[in-house]
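Just so you know, residue 1 is the first one in the sequence shown, and it goes up from there. Counting starts at 1 for both ligands and their atoms, in listed order.
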Amino acid sequence: MNSAATGFAAIRARIEAAARAAGHPARLLAVSKTQAAAAVRGLAGLGQRAFGENYVQEAIAKQRELADLDLEWHLIGPLQSNKCREAARHFAWLQSLDRAKLVAPLARHRPAHLPPLQVLIQVNIDDEASKSGCRPGEVAALAAAIAAEPRLSLRGLMAISAPHPEATRRAAAFGRMQALFEHLRTEHTAVDTLSMGMSDDFELAIAHGATLVRIGTALFGPRRTAPAE
Ligand SMILES: *Cc1c(COP(=O)(O)O)cnc(C)c1O
């Protein structure tokens with residue numbers, strides 16, 4: 001195996017071990033932002049199908065280069081209202097819906113020939129003013145608005161944990177997300193996805209109920225310079 005294959009196998013094994021210990025499945029989203037299309041192709045060749053991108057234009061360019069592959073693209077970066085049309089047309093999943101005013105434009109622009117856009121509500125679990133994500137108290141209303149749109153499919157929640165040096169503080173934030181997720185599931189039966197955990201804390205996230213982990217640098221190595229958008 002080359003080094004990419006070895007690294008990929010090692011991450012997969014760690015996810016599987018954490019999922020087994022937690023007693024629920026966990027899926028890998030490979031975060032390919034700033035990475036070349038060739039790196040995505042390499043991972044796809046090893047069997048990875050779901051890729052996450054932060055920037056709409058960068059993602060579309062990569063999708064064109066990789067159009068011969070059957071990949072599942074997730075938008076995980078903050079979404080501006082003027083990008084709703086492209087987001088609705090070019091992604092299978094949107095993980096960063098965090099305000100009500102995006103719901104109607106996303107639904108309107110989702111092309112009829114595609115399945116409904118799979119949506120996660122991004123929650124700001126650490127309540128930091130600088131980060132995107134809605135407040136926990138806003139989830140119920142946002143969920144109802146998404147669930148009312150036939151062209152959108154509400155699948156769950158996403159969070160980015162603040163880089164607390166102490167694992168106990170991250171664990172507390174993940175625990176709050178887990179509680180919010182379990183509650184949302186009682187109200188929306190299609191909800192099955194809790195997206196949290198990145199390169200340096202995905203095992204902790206899985207222990208707190210994450211069903212999808214978003215991993216970039218641990219798979220691809222350091223990021224290249226982010227493009228302006
Ligand atoms: C970049 C990014 C990741 C991946 O982070 P790594 O630390 O490289 O694993 C995950 N989620 C979001 C929302 C990101 O922007």
Considering heavy atoms of the protein only, find what lies nearest to atom 1 (C) of ligand 1 and give residue, atom and distance to 0.1 Å.
Lys33 NZ, 1.3 Å
Enumerate the atoms of ligand 1 whose separation from the nearest heavy atom of Ile215 is less than 4.0 angstrom.
9 (O)
State the atoms of ligand 1, each with its element, that fall below the 4.0 Å cut-off from a heavy-atom position in Gly216.
4 (C), 6 (P), 8 (O), 9 (O)
Which protein non-hydrogen atom lies closest to atom 6 (P) of ligand 1, naming both residue and atom, and how far is it?
Ser199 OG, 3.5 Å
Starting from atom 11 (N) of ligand 1, what is the nearest protein heavy atom, named by residue and atom, and what distance separates them?
Arg214 NE, 2.8 Å
I'd like to know if Arg14 and Glu203 make a salt bridge, using a cut-off of under 4.0 Å between side-chain N and carboxylate O.
yes
Distance from Leu120 atom CG to Leu154 atom CG, nearest 0.5 Å?
8.0 Å
Any carboxylate oxygen within less than 4.0 angstrom of a Lys/Arg side-chain nitrogen, looking at Asp200 and Arg170?
yes
Taking atom types as modelled, find out whether Gln57 and Glu86 have a side-chain donor-acceptor pair closer than 3.5 angstrom.
yes
Count the heavy atoms belonging to other residues, nucleotides or ligands that lie under 6.0 Å from CZ of Arg41, then report whether that count exceeds 12.
yes
Just jot down the ligand 1 atoms closer than 4.0 angstrom to any heavy atom of Asn54, in number order.
14 (C), 15 (O)
With no hydrogens and no angle check, is any side-chain donor or acceptor of Ser199 less than 3.5 Å from a backbone partner on Ala218?
yes
Can you tell me the protein heavy atom closest to atom 10 (C) of ligand 1 and the distance?
Met198 SD, 3.1 Å
Phe220 and Phe51 aromatic ring geometry - parallel, tilted or perpendicular at 30°/60° bounds
tilted
So if I count the atoms of ligand 1 from 1 in the order they appear, which ones are less than 4.0 Å from some heavy atom of Ile76?
11 (N), 12 (C), 13 (C), 14 (C)
Once you restrict to heavy atoms under 4.0 Å, what part of Asp200 touches ligand 1? Side chain, backbone, both or neither.
neither
Do any heavy atoms of Gln95 fall under 4.0 Å from ligand 1?
no
